[in-house]
Chemist: 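My structure is below; once you've seen it, I'll send some questions.
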Protein chains: 2
Amino acid sequence: MKVNHNTAERILDIAQELIQRRGYNAISFTDIADGVGIKKPSIVHHYPSKAALGKAVVKRYRETFASALNSIANDPEKTAFEAFDFYCTPYLDYGKTRDMVCLCGALAGEFTALPKSVQKEVSQFFEAHISWLQMILERGKNSGEFRFSEASHAMAMHILDSLQGALIVKRATGNFEHLDKTIELLKEKLCVVG
Amino acid sequence: MKVNHNTAERILDIAQELIQRRGYNAISFTDIADGVGIKKPSIVHHYPSKAALGKAVVKRYRETFASALNSIANDPEKTAFEAFDFYCTPYLDYGKTRDMVCLCGALAGEFTALPKSVQKEVSQFFEAHISWLQMILERGKNSGEFRFSEASHAMAMHILDSLQGALIVKRATGNFEHLDKTIELLKEKLCVVG
DNA sequence: GTCTATACAAAGATAGAC
DNA sequence: GTCTATCTTTGTATAGAC
């Protein structure tokens, strides 16, 4: 994890982590300011409102994922299986922590209580992931790596749903097996030879 | 849906619906009071704190489920497939709504920001559902209705995760297909003949 | 760009009349 | 059991000095 020394970015770092741990409506400028080591009005200087900060956090998260997923997809050396495995990595990592979930998984739990601009980013995140997964699934099917009978779009939705669900249930039960088992079952479902 | 005329129960009804729509930290005594048609202090008369109210809401939800699941499991007329199908019904129903998710799915998204007493109820809800599903899966395997190679406990976790994840992603994307597709895929995975 | 000080609204909760 | 009135804290946000 890269460490930022730029204040605007450090605010995003702390805000993101706090949302992943506690959610959007449970955190305040004071919490973020304490984490960064500055005062409340300094945050407002960088982000004019909580909604603007929330949007910036999700936008960065979404774009970081988009960039990484894009790289993998465009790398001719990578197989569809490797791309799928890469996709699972952050879920596995969060799955090992006691109280962190995907940023957008946390936000989805309080979706209708979010500012519209934040909702939009969250929706885009999920839609981009479903599209990317669908593409990788089709590629793997064509290459013979994957074997499944369902529509690739339905499979893509199912993979996303399972991983997001596994993270939130993991945290609520304290059972860290959820992620490992989910990925195992998904791979089996895809008939991965891997 | 039964309509309650008892104030204490009506408070639980409204609080539950509001949490399912917006989450715990985004709602207030004022929101609930407006929904019930009373004033804030009347809520406090019935539930001494927000934490106590939250706990009561989840406890009732959990017990209502436990009772229904118990009835199905103890009914000798019901097959394992019928029990599984019954389990999916509320998810399907919430899946058709624009902005409702499972009460405990919503709460899981802000788990660490919940009062300890509420956390405990949510954990118990998930654990009870996993145990119940595991039992039904084993029963179906023994009767020849289900065919799966994984541990029944892992399958039970996976079913719960998928359904919970499908609900929150459904709401965040506005794509109502998530639940239907999830259940279809789960049934196929179980090699359901039914 | 960061701070102190402050405004203003909303939150959870209490006191006490009816 | 429900209300009005109030307390206290915390929230987001602004003004203006440094």
Side-chain angles (χ1 to χ4, degrees), chain A residues 3-19 21-60 106-107 109-110 112-119 121, chain B residues 3-19 21-60 106-107 109-110 112-119 121:
Chain A
V3 175
N4 278 300
H5 296 288
N6 172 294
T7 302
E9 287 293 318
R10 282 198 296 135
I11 291 170
L12 294 184
D13 293 342
I14 298 294
Q16 180 183 321
E17 189 183 325
L18 286 173
I19 296 171
R21 288 193 198 281
R22 317 207 317 246
Y24 178 86
N25 287 298
I27 66 161
S28 67
F29 282 164
T30 303
D31 299 323
I32 300 163
D34 287 349
V36 179
I38 54 176
K39 297 295 174 183
K40 279 195 285 182
S42 302
I43 296 175
V44 184
H45 173 76
H46 293 282
Y47 304 97
S49 68
K50 190 180 178 184
L53 171 57
K55 181 193 160 128
V57 169
V58 188
K59 184 167 184 283
R60 187 185 65 161
L107 293 171
E110 45 189 345
T112 56
L114 300 175
K116 288 272 176 280
S117 60
V118 179
Q119 288 186 355
E121 288 292 334
Chain B
V3 175
N4 277 301
H5 297 289
N6 172 294
T7 303
E9 288 292 318
R10 282 198 296 137
I11 291 169
L12 294 184
D13 293 342
I14 298 293
Q16 179 182 323
E17 188 182 326
L18 286 173
I19 296 171
R21 288 191 199 280
R22 313 204 324 242
Y24 178 86
N25 286 299
I27 65 160
S28 67
F29 282 164
T30 303
D31 299 323
I32 300 164
D34 288 350
V36 179
I38 54 177
K39 298 294 175 184
K40 277 198 288 181
S42 300
I43 295 176
V44 184
H45 172 75
H46 293 281
Y47 304 98
S49 68
K50 189 180 177 184
L53 172 57
K55 181 192 160 128
V57 169
V58 188
K59 185 166 183 285
R60 186 185 66 162
L107 293 171
E110 45 188 344
T112 56
L114 300 174
K116 287 274 177 278
S117 60
V118 180
Q119 288 185 357
E121 288 292 334

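Predicted, not measured: the structure shown is a model, and the values here were computed from it.
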Chemist: Between atom CD in A:Glu9 and atom P in C:dG1, what is the gap in whole Å?
Modeler: 13 Å
Chemist: How does each nucleotide of nucleotides 12-18 of chain C score, in 5' to 3' order, for protein heavy atoms under 4.0 Å: base (B), sugar-phosphate only (S), or none (-)?
Modeler: BBB----
Chemist: Side-chain contact, heavy-atom cut-off 4.5 Å: A:Val58 with A:Ile19?
Modeler: no
Chemist: Between B:Lys39 and A:Ala26, which residue's closest nucleotide on DNA chain D lies nearer the 5′ terminus?
Modeler: B:Lys39
Chemist: In whole angstrom, what separates B:Asp31's CG from C:dA10's P?
Modeler: 11 Å
Chemist: Do B:Pro41 and B:Phe29 come close enough that some side-chain heavy atom pair is under 4.5 Å?
Modeler: no
Chemist: Taking the side chain as every heavy atom from C-beta outward, state whether A:Glu110 and A:Leu114 have any atom pair closer than 4.5 Å.
Modeler: yes
Chemist: Quick one: does A:Asp31's side chain get under 4.5 Å of A:Arg22's, heavy atoms only?
Modeler: yes
Chemist: State which residues pass side-chain contact (heavy atoms from CB on, under 4.5 Å) with A:Ile14; sequence neighbours excluded, sorted by chain then number.
Modeler: A:Leu18, A:Ile32, A:Val36
Chemist: Between A:Asn6 and A:His46, is any pair of side-chain heavy atoms under 4.5 Å apart?
Modeler: no
Chemist: Nearest whole angstrom, please: distance from the C1' of D:dT12 to the CD1 of A:Ile32.
Modeler: 11 Å
Chemist: Please pick, from C:dC3, D:dC3, D:dG1, the nucleotide with the shortest atom-to-atom distance to any side-chain atom of A:Ser42.
Modeler: C:dC3
Chemist: It should be established whether B:His45 places a side-chain nitrogen or oxygen under 4.0 Å from OP1 or OP2 of nucleotide D:dT2.
Modeler: no
Chemist: Measure from CG on A:Asn25 to C1' on D:dT10 and round the result to the nearest Å.
Modeler: 14 Å
